[in-house]
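Working notes, beginning with the structure itself.
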Amino acid sequence: MKVNFYATLRQIVGSKTKELPLPKGTTVRQLIEGVLSDYPGLKPMLFDEMGKLHGHVHVFINGRDAPYLHGGLEATLAPDDTVDIFPATGGG
């Protein structure tokens, strides 16, 4: 599965895109946990102390924000899905 990282996340991952082999039936949450096992430095940037995804972090599956998918973070991914992970960004 293709996972794209943006902004400061790219510095930790070391590239814009990573290809992750995932078993059939993987959920969005399991994908994120897999990313964190490979890149533990991302955890404080993505999750709060209670283990919830920060409100300012967006995980898009095929262009749709994961919390709005049917099942939210428990939604099942397809092998050809594209995942985009965005940290908080700001500007003015």
Side-chain angles (χ1 to χ4, degrees):
M1 176 167 300
K2 183 178 173 183
V3 181
N4 299 308
F5 297 90
Y6 294 85
T8 55
L9 301 181
R10 288 182 182 171
Q11 296 168 354
I12 294 170
V13 173
S15 68
K16 174 185 175 181
T17 302
K18 292 290 183 179
E19 192 74 35
L20 301 176
L22 296 170
K24 185 177 180 178
T26 297
T27 66
V28 176
R29 184 176 303 280
Q30 290 169 327
L31 166 81
I32 295 169
E33 289 170 356
V35 168
L36 292 178
S37 71
D38 289 344
Y39 306 99
L42 293 175
K43 187 170 185 172
M45 298 180 79
L46 301 180
F47 287 91
D48 65 18
E49 312 80 42
M50 303 299 290
K52 291 187 177 190
L53 197 62
H54 286 297
H56 57 265
V57 171
H58 296 281
V59 178
F60 289 96
I61 311 302
N62 301 321
R64 294 194 61 210
D65 207 354
Y68 299 104
L69 297 172
H70 180 71
L73 294 181
E74 304 310 320
T76 303
L77 298 167
D80 60 340
D81 285 343
T82 298
V83 179
D84 297 292
I85 303 177
F86 292 87
T89 58

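Since this is a predicted model, take the numbers as computed values, not measurements.
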Within residues 41-64 or reaching into it, pairs that qualify as salt bridge (charged side-chain N to carboxylate O under 4.0 Å, His left out) - sequence neighbours excluded: none

Partners meeting side-chain contact (heavy atoms from CB on, under 4.5 Å) with Ser15 (sequence neighbours left out): Val13, Lys18

Residues that Thr26 engages under side chain to side chain donor-acceptor pair (under 3.5 Å), provided they are two or more places apart: none

ring-ring contact (aromatic ring centres under 6.0 Å, His included) partners of residues 2-24, not counting sequence neighbours, each pair once: Tyr6-Phe86

Counterpart residues, side chain to side chain donor-acceptor pair (under 3.5 Å), relative to Gln30 (two or more places apart): Thr27

For Thr76, all residues meeting side-chain contact (heavy atoms from CB on, under 4.5 Å), sequence neighbours excluded: none

Salt bridge (Lys or Arg N to Asp or Glu O under 4.0 Å) partners of Arg29, counting only residues at least two apart: Glu74

Residue pairs fulfilling salt bridge (charged side-chain N to carboxylate O under 4.0 Å, His left out) with at least one residue in residues 75-85, sequence neighbours excluded: none

4.5 Å side-chain heavy-atom contact, Phe47 and Ile32: yes

Among Val35, Val3, Leu53, Leu69, the one residue meeting side chain to side chain contact (heavy atoms under 4.5 Å, CB included) with Val59: Leu53

Any Ile85 side-chain heavy atom under 4.5 Å of His58 side chain: no

Lys2 and Val83, any side-chain heavy atoms less than 4.5 Å apart: no

Partner set under side chain to side chain donor-acceptor pair (under 3.5 Å) for Thr8, not counting sequence neighbours: none

For the student: nearest non-hydrogen atoms of Leu73 and Ala66, plus distance: CD2-CB, 4.0 Å

